[in-house]
2 protein chains.
Amino acid sequence: MSGYDIKKIVDVGLSHFWNENYGQIYPTLDRLVRDGLASKKPDRNSGKRQRFVYTITSAGKKSLNDWVKAATDAPVVRNEVLLKFFLCSHASTGKCIRLIESHQMEQRAILSEYQASEAILKNAMQGGDMGEDLQAILTITGSTPKQRAKQLRAFYLTLRHGIRAIEGRLAWCEEALASLECSDTTAAE
Amino acid sequence: MSGYDIKKIVDVGLSHFWNENYGQIYPTLDRLVRDGLASKKPDRNSGKRQRFVYTITSAGKKSLNDWVKAATDAPVVRNEVLLKFFLCSHASTGKCIRLIESHQMEQRAILSEYQASEAILKNAMQGGDMGEDLQAILTITGSTPKQRAKQLRAFYLTLRHGIRAIEGRLAWCEEALASLECSDTTAAE
DNA sequence: TCAGACATGTAAGTCGTTACATGATTCA
DNA sequence: TGAATCATGTAACGACTTACATGTCTGA
């Protein structure tokens, strides 16, 4: 596919666990071609602006396979909300509570969005109508019905991961608020 | 406290949600001093190598407070395991299953560690004995018993956040494995 | 005709990690 | 005496973001 296609798929379908920008994508695709892991072909489709379609080579497939099999190094966790919470805790309990409540509201909003996407995906998996965005990215990738079914499940399961993560955060908010509220709340500002 | 102290607290107490390295810490402390948000004082304690103790200024407190109150921008999520999973899904179901099982084992191992820390913290919060590491970092910071209790709770609650996150991931592993195993597993390699 | 999607790319700058360099003290 | 801990810092590199630059086609 093209660099533009990659960006679109990531933005529309994988945004809950990945992101990319053109400043990374195009130089990386160039590098892959230089290293013989992908090939670049011009593809002038129906009078549109010239685009370049990249195809994985057999060396690229091997490399991809090696990467998948290799151990995944532990992600660098940096949770700014928790850092704020930690740095607040020595001071005012009230500040901590407000911090968590605000975080809770944000997480609830994101959960709603994810649940809406989940409903669309569930429907699509049962052969129902899918939204325009989903339709568009499925058109870019898999062609056979079986491949499409696999892709839909992959989108669905990664989304479920995002939902589980948010549910965990919301459960923590409840727990933390309960713990903070049963301590002295007299500390001012 | 000193740059070294900061590193120690982050490594020992906040490693489940934050990390810092000296390459960031020392230049940042310098910048804070230049900006008038902290002051630097030499502190030669008991013949040890010269160390520098940094103290927050009133301008620094204001700045810190502003930062805490400001909206926290959504963290950039990049989950390599999910990316591998997604890129595998179009190919072999077996590969996906192995990927998740390996992830599951790692998460279980981390959960055990966190639960061990949780037990120590719970014990310490009830006035019991705390480990050497915890003792050491509590010595660096809070002095009054009330402040220590607050700090212990902060360590405990942020750890609970980490535990909730891992539990969520493990629940997802179960769910994903169930979904993958009930599909055709005949796909080779 | 004008906004918005399609499409590719570069440049500058920030952020973060790793490795290096240095040197004192303590304890086995 | 030699490893571990205490302690501070720099340099080089790599990853990532943001803003910019350019231009086409489509549909309201």
Side-chain angles (χ1 to χ4, degrees), chain A residues 1-12 14-15 17-35 38-55 67 72-80 83 131-137 139-140, chain B residues 1-12 14-15 17-35 38-55 67 73-80 83 131-133 135-137 139-140:
Chain A
M1 63 186 81
S2 69
Y4 192 85
D5 289 338
I6 290 171
K7 173 88 166 114
K8 200 176 183 181
I9 290 177
V10 172
D11 282 354
V12 175
L14 318 182
S15 59
F17 72 89
W18 206 263
N19 73 87
E20 283 303 345
N21 47 41
Y22 294 126
Q24 289 280 106
I25 291 172
Y26 288 115
T28 300
L29 284 171
D30 281 350
R31 209 200 64 215
L32 291 176
V33 171
R34 270 205 314 281
D35 296 351
S39 65
K40 181 180 188 176
K41 273 173 209 161
D43 165 72
R44 173 172 294 280
N45 58 336
S46 64
K48 283 189 185 175
R49 188 193 164 167
Q50 172 106 37
R51 60 186 238 132
F52 297 97
V53 174
Y54 294 81
T55 311
W67 170 73
T72 304
D73 32 67
V76 179
V77 270
R78 269 194 169 173
N79 188 323
E80 207 172 311
L83 186 62
E132 281 173 47
D133 285 346
L134 186 57
Q135 183 76 63
I137 61 177
T139 305
I140 296 170
Chain B
M1 62 185 84
S2 70
Y4 192 85
D5 289 338
I6 291 171
K7 174 88 167 113
K8 200 175 185 183
I9 291 177
V10 172
D11 282 354
V12 175
L14 317 182
S15 60
F17 73 88
W18 205 262
N19 73 88
E20 281 304 343
N21 49 286
Y22 294 126
Q24 288 281 106
I25 292 172
Y26 289 114
T28 302
L29 285 171
D30 280 350
R31 208 200 65 215
L32 292 176
V33 171
R34 270 205 313 281
D35 295 352
S39 65
K40 181 182 188 174
K41 274 173 210 161
D43 166 72
R44 175 173 290 280
N45 58 335
S46 64
K48 284 189 183 174
R49 190 197 163 166
Q50 171 105 38
R51 59 185 237 130
F52 297 98
V53 175
Y54 293 83
T55 311
W67 170 73
D73 34 65
V76 178
V77 269
R78 268 194 170 172
N79 188 322
E80 207 173 312
L83 186 62
E132 281 173 46
D133 285 347
Q135 184 76 61
I137 60 176
T139 305
I140 296 170

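Remember, it's a predicted structure, so these values are computed and weren't measured experimentally. Below, read A as the first sequence line, B as the second, and so on, with proteins coming before strands; counting in each chain starts at 1.
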Within this structure, what is the [atom1]-to-[atom2] distance between [X] and [N], rounded to whole angstrom?
X       : N       : atom1 : atom2 : value
E80(B)  : dA15(D) : CD    : C1'   : 13 Å
D11(B)  : dA7(D)  : CG    : P     : 14 Å
K7(B)   : dT18(C) : NZ    : C1'   : 12 Å
R31(B)  : dT10(D) : CZ    : P     : 15 Å
D5(A)   : dG9(C)  : CG    : P     : 13 Å
D30(B)  : dA11(D) : CG    : P     : 13 Å
M1(A)   : dC6(C)  : CE    : P     : 15 Å
E132(B) : dA4(D)  : CD    : C1'   : 14 Å

Picking from [options], which would you name as closest to the side chain of [X]?
X      : options                  : result
R51(B) : dT17(C), dA7(D), dT17(D) : dA7(D)
P27(B) : dC6(C), dG9(C), dT10(D)  : dT10(D)
Y4(A)  : dA7(C), dA7(D), dT17(D)  : dA7(C)

Given a 3.5 Å cut-off on both pairing distances, which stems involving DNA chain C, each at least three consecutive Watson-Crick or G-U pairs, are present, if any? C:1-28 with D:1-28
Do [X] and [Y] come close enough that some side-chain heavy atom pair is under 4.5 Å?
X      : Y      : result
L14(B) : E20(B) : no
W67(A) : L83(B) : yes
I6(B)  : L29(B) : yes

Spacing of [X] atom [atom1] and [Y] atom [atom2] [to the nearest 0.5 Å]:
X       : Y       : atom1 : atom2 : result
E132(A) : Q135(A) : CD    : CD    : 9.0 Å
D11(B)  : N21(B)  : CG    : CG    : 9.5 Å
Y54(B)  : T28(B)  : OH    : OG1   : 10.5 Å
N19(B)  : Q24(B)  : CG    : CD    : 9.0 Å
L134(A) : T139(A) : CG    : OG1   : 9.0 Å

Phosphate OP1/OP2 of [N] contacted by [X] side-chain N/O (<4.0 Å):
X      : N       : value
K8(B)  : dC6(D)  : yes
R78(A) : dC15(C) : no
K40(A) : dG9(C)  : yes

Kindly say whether P27(A) contributes a backbone atom to a donor-acceptor pair with the side chain of D30(A) at under 3.5 angstrom? no
Heavy-atom contacts under 4.0 Å between residues 17-26 of chain B and DNA chain D, which residues? Y22(B), G23(B), Y26(B)
Starting at the 5' end of DNA chain D, which residue's closest nucleotide do you reach first, V76(B) or V53(B)? V53(B)
Please name all residues satisfying ring-ring contact (aromatic ring centres under 6.0 Å, His included) with Y26(A), sequence neighbours left out, ordered by chain then number. Y22(A)
